[in-house]
Amino acid sequence: MATTEHPPPGRLRAWMLEGLSDMGKGRQAVPRPAVPEPVHKGQRWWRVMCLTGVDYFSTLGYQPGIAALAAGLLSPVATIVLVVVTLAGALPVYRRVAEESPHGEGSIAMLERLLTFWKGKLFVLTLLGFAATDFLITITLSAADASTHLVENPHLADALHDRQVLITLVLIALLGAVFLKGFLEAIGVAVALVGLYLALNVVVVATGLWHVVTEGHVISDWSTALTAEHGNVFAMVGVALLVFPKLALGLSGFETGVAVMPHVEGDPGDTEADPKGRIRGTKKLLTTAALIMSVFLIATSFITTLLIPEKEFESGGEANGRALAYLAHEYLGNAFGTVYDASTIAILWFAGASAMAGLLNLMPRYLPRYGMAPHWARAVRPMVIVFTLVGFLVTWIFDADVDAQGGAYATGVLVLISSAAIAVTIAARKAGQRHWTIGFAVISAVFLYVTVANVIERPDGVKIGACFIAGIILVSLLSRLARAFELRVTSVTMDGMAQRFVRDIASRRIRFIANEPDNRDIAEYREKIEQIRADNDVPAQEDFVFVEVTVLDPSEFEAGLTVRGEVLHGRYRVLTLESSSVPNALAALVLHVRDTTGCIPHIYFEWTEGNPFTNFLRFFLFGQGEVAPVTREVLREAEPDRARRPRVHVG
């Protein structure tokens, strides 16, 4: 739909908004091809696994220390519980998510289909709040832990003492700078980082296991202390189950795994509607990453618990937030330890890149489509600046403390996994798969328990999550209010009968009557024409076409408009439209008619009865209300040139 051309933006604005979609701003959307659209080539699944791995595998930088603080001597047992939940719970859930939502939307898209209207939008906004908590805390927590490794390095400890917050802010700023420059393909960098990091961890784990085996008293001392503290195996397992929620950080990475699905190479015959090869590759990605991580989690928790004094895990201790780095320096020397620190810092920093990519993939899929974000939220660079500033704020609030951010991170991870488990349970039930339904229901119950236990134990996590949710909902509603008078129609399509009506009336003056359909009997249309002629002093010989809009889902913001023509009672021509908003649909129609005929249409209304403020709320929430003045305002914003603006008459 054409509107008046605006002057070209400045160079800075053009750079900031590069790649911005024009949907909803008045230009007609490009029609999709009728043939199945092929999937782009993509990357091998193992390479994309490394992109996910910078988030997932990087948790080795702090997970053993968190496990030791949470479970003490029971850390290896609690980690085994974590691995069982990962392989028997999270992995099957996200393999199913990959089947049900293969375009990167994840479980949120699955749950979005279950609810309609405003309750569906608010539910999605809530989940987006937890997703924002997960991804943003990934950025800040990973940067904070990277700065911890830097500050605690023996060669740099004196020079960088008490500079951890500043270093964390610099790392977050550098991450934002990468995306501002144009972060298009990080897979090559991720492969190198993950390969180096895992190789160094193999060396550290092998060295640690060698010391455990050669120093036989280490195992006996640990088992003796464990038995003295907990009594028997059943008590140990019970305590491990109780402390397990504190280890939930080890479940991170699965949501990122499905978010990067569009990058996975598919089969030659794959289409966007049926990407079987992409789904199969993503399942391999998820399974391989989970198996590799499970082996490392068990091995690292074992060697760190047995070889590192308990006091070193506590705040201020040399192993706090960097247990494996402590072992690297202790047993392999400061030279190797420094290389290990550099590798850990790099992958932790790049884990933020993975999370930033997840945010930039997730948020623009929903908020602009709901009308709940400014139009520039579709562009990468403005959103990078917003997320970077929020990262600064979170770092300042938590003082770059890894342990303090763990609760918020775990809450975001667990809520997303729980929602995914519930989504696949519902999907299995709808598919009539009884055994899978029962299995996924059990998994859902486990994750719900872990989520609730984590919230009770660490309420700071749900508090920060609630802040993100409140912020997203508030900004979303204000944005929706500010954008209420946009055209909001991406394209207009008219059937043959509608086009015939427009061609016929274009030979005279184009006059439309906006009619709210009631009984649609002959008396309704006859009386409406008589009223319009009397109110506006229109000669009897003038011809009219009725326009009727049916509101389907008023919570939707943008959509295409399909116009159908019909003749009622043998004489009255009626154009019927289905939309989320009556005024916006009418404005889009008359602008389209103007552009296709070259004539200025006239549209006639009657005043709406009732309080103006109440009618505006009806328009904002339900797409109806004070139709005439709102239609005129939408036209005024869409067409600044009064000479080319369709005429609105109200009587």
Side-chain angles (χ1 to χ4, degrees), residues 1-9 20-33 368 371 375 378 483-515 538 542-551 556-566 573-605 623 627-650:
M1 307 181 66
T3 58
T4 298
E5 292 293 330
H6 298 281
L20 178 63
S21 168
D22 287 312
M23 179 180 284
K25 296 300 288 183
R27 299 183 185 177
Q28 185 152 349
V30 177
R32 298 182 66 85
H375 189 65
R378 286 188 175 89
R483 299 182 63 190
F485 300 114
E486 287 184 11
L487 197 57
R488 293 167 51 177
V489 173
T490 58
S491 63
V492 177
T493 304
M494 306 184 78
D495 70 4
M497 184 66 75
Q499 293 177 12
R500 180 179 173 184
F501 291 170
V502 171
R503 283 196 305 268
D504 176 61
I505 201 171
S507 60
R508 302 176 294 280
R509 188 178 294 267
I510 302 176
R511 298 184 189 271
F512 293 115
I513 295 178
N515 182 55
V538 178
E542 292 291 334
D543 201 5
F544 295 95
V545 172
F546 288 91
V547 183
E548 298 178 345
V549 182
T550 301
V551 175
E556 288 294 332
F557 189 76
E558 297 177 330
L561 190 65
T562 300
V563 185
R564 299 178 178 85
E566 58 181 320
R573 291 167 297 181
V574 182
L575 298 178
T576 59
L577 299 75
E578 293 179 345
S579 177
S580 60
S581 168
V582 174
N584 305 79
L586 293 174
L589 172 66
V590 294
L591 284 172
H592 178 77
V593 170
R594 180 204 65 182
D595 295 339
T596 55
T597 64
C599 303
I600 303 298
H602 295 247
I603 185 166
Y604 295 84
F605 298 86
V627 175
V630 175
T631 302
R632 194 266 178 189
E633 180 60 21
V634 174
L635 287 170
R636 188 186 68 82
E637 286 205 3
E639 179 51 81
D641 187 352
R642 294 185 63 179
R644 300 190 68 240
R645 191 183 303 157
R647 309 293 191 258
V648 175
H649 306 267
V650 191

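Scanning all heavy atoms of the two residues, the minimum distance from Pro646 to Leu591 falls at CD-CD2, 3.9 Å. Annotation for Val593 and Thr596: closest pair O-OG1, 3.2 Å, computed over non-hydrogen atoms. In plain terms, the two heavy atoms of Leu586 and Ala514 that are nearest each other are CD1-CB, 4.0 Å.
Residues passing the salt bridge (Lys or Arg N to Asp or Glu O under 4.0 Å) test with Glu633, sequence neighbours excluded: Arg636.
The closest side-chain heavy-atom distance from Met497 to Arg573 is not below 4.5 Å. Contact check for Thr597 versus Cys599: side-chain heavy atoms found under the 4.5 Å cut-off.
Within the model, atoms CG of Leu561 and CE of Met494 stand 9.0 Å from one another, a figure rounded to the nearest 0.5 Å. To the nearest 0.5 Å, the span separating OG1 on Thr576 from CG on Asp495 amounts to 7.5 Å. Atom-to-atom distance recorded for Phe546:CZ and Asn515:CG is 6.0 Å, nearest 0.5 angstrom. Between the CG atom of Asp504 and the CD1 atom of Ile510 there is a distance of 10.5 Å, given to the nearest 0.5 Å.
With Arg503 contributing its side chain and Phe501 its backbone, the two residues share no donor-acceptor pair below 3.5 Å. Arg594 contributes a side-chain N or O that, together with a main-chain N or O of Arg644, makes up a donor-acceptor pair within less than 3.5 Å.
Heavy atoms from other residues, nucleotides or ligands lying under 6.0 Å from CZ of Arg500 number 12 at most.
A parallel orientation is assigned to the rings of Tyr604 and His649, their planes being inclined by less than 30° (bins at 30° and 60°).
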